[in-house]
Amino acid sequence: MVEYDSVLAALASVGGDQLVFDLAGIRQRYDSLVRELPGAAVRFAIKSCPAPELLDFLTEWNSGFDAASPRELALAIEAGAPIDRIHYGNTVKSDEDILAAYRLGVRDFATDSVEDVVSIAAHAPGSRVFCRIATSGEGAFWGLSRKYGCSTVEAVRVLVTANSLGLKPSGLSFHVGSQQMTATAWTRAFADVAEVIVALRAHGIAPDHVNVGGGLPALGYLDTNGTPLVPPIGEMFASIRAGMAEVRRVAGAPIGFRLEPGRHLVADSGAIKARVSRFAVRELRDGEREHWLYLSCGKFNGLYELDQVVYPFVFPTHIGEESAPAVVGGPTCDSDDIFFQGRPVVHVPTSIRSGDPVWILSSGAYSISYTTVGFNGFPPLPATFVRPLEGVAC
Ligand SMILES: *Cc1c(COP(=O)(O)O)cnc(C)c1O
């Protein structure tokens with residue numbers, strides 16, 4: 001269960017439509033990762049919340065960064081993170097991207113194909129490369145399985161090629177899929193990593209690190225009945241620790257670990273402060289009557305993931321009042337801009353009116369990235385970081 005007290009206090013302390021982050025909550029998640037996974041260095045996945053202010057704090061807390069483009073690399077560098085704590089974690093990059101990263105001083109690249117390795121050798125000579133192994137994505141809301149990563153056999157070929165081209169075959173990585181809900185996903189991925197480490201030994205290659213990616217879940221999402229989902233976070237940590245121990249055992253030499261959390265770090269500490277545009281009872285073509293809640297923001301400015309995720313909604317001026325299940329829609333003229341999940345899933349107080357406040361909890365992950373410049377003139381939500389509350393050192 002997520003403790004929302006400090007997020008609610010943060011929401012109450014600011015005015016206007018915006019995305020509000022409780023920095024103390026992000027710090028708590030960061031500390032819990034460091035505590036639960038000793039020996040794993042944090043490389044924050046920038047895309048989950050690319051706010052310069054957050055990157056500054058994370059740098060102070062000794063986090064590094066997983067960046068996916070020259071622009072994200074530059075953001076991490078501007079935040080003051082040492083260059084050896086920043087890696088280019090995207091397997092998809094052009095020759096020009098690789099050269100731009102090299103010129104920025106980056107020497108650490110993800111890869112999953114021989115073609116990419118050949119380009120890294122040409123445009124970022126002598127760099128370190130880590131090869132991403134594909135996972136099934138099973139158990140995750142977003143599988144990430146097809147676009148990224150290669151087979152265990154191919155990973156050996158990719159790193160052997162890197163070695164022969166003067167690159168340093170420095171590591172292996174995987175990503176079990178975003179909002180992973182099972183602990184066994186990590187167990188399977190670590191088994192593949194162990195297999196590749198053993199196979200590489202025959203080629204005289206010993207990676208110096210394993211990157212266990214992201215995928216750790218937000219803890220505050222609901223199912224379509226409005227019941228909190230309860231990801232087995234303790235088991236996930238245990239399964240990652242067991243995997244790390246197994247990798248250390250088969251490696252036979254000192255090996256480091258990296259972790260690239262995104263969603264787990266920021267989702268539950270971010271919330272959207274919006275307003276009711278209109279609450280209406282609409283009669284559809286088939287004569288069915290449906291409640292609709294139209295909000296001041298939607299899929300194109302903060303709620304992009306609303307077609308996959310059910311967030312907890314709070315109607316602070318109508319707590320405990322009689323409610324009805326409603327379809328939620330954003331303000332644009334786009335029919336994708338709705339929150340439906342096969343049936344109305346959000347219970348809305350029936351006396352709610354245009355202009356009343358609506359708070360959408362656990363919506364901090366990816367909401368900044370998935371924002372258009374202003375579909376139909378509805379602008380991106382500004383993001384505010386509410387300073388840590390007492391007792392949290394930052
Ligand atoms: C998106 C991404 C992450 C973060 O994933 P989460 O599921 O948000 O933790 C980590 N690593 C890579 C390479 C990514 O692309």
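Values reported hereafter were calculated over all heavy atoms of this structure, with side chains retained and with hydrogens, waters and symmetry mates removed. First listed ligand is number 1; within each ligand, the first listed atom is number 1. Since the model is a prediction, treat every value here as computed from it, not as a measurement.
Ring geometry, His209 versus Phe130: the interplanar angle exceeds 60°, so the pair is classed perpendicular (tilted spans 30 to 60°). Ring geometry, Tyr30 versus Trp61: the interplanar angle falls from 30° to 60°, so the pair is classed tilted. Below 30°, between 30° and 60°, or above 60°: for Trp292 and Tyr294 the angle between ring planes is below 30°, a parallel geometry.
Using a 4.0 Å heavy-atom criterion, the residues that approach ligand 1 are Ala45, Lys47, Asp66, Gly89, Arg132, His175, Ser178, Gly214, Gly215, Glu260, Pro261, Gly262, Arg263, Tyr366.
Thr332 places a side-chain heavy atom less than 4.5 Å from the side chain of Phe378.
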> Going through the distances and angles, do Ile360 and Leu306 end up as a side-chain contact (heavy atoms from CB on, under 4.5 Å)?
Replying inline: CA-CA 11 Å; Ile360 303 160; Leu306 56 67; over 6 Å; no
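Residue Glu235 places its CD atom among 12 or fewer non-hydrogen atoms of other residues, nucleotides or ligands, all under 6.0 Å distant.
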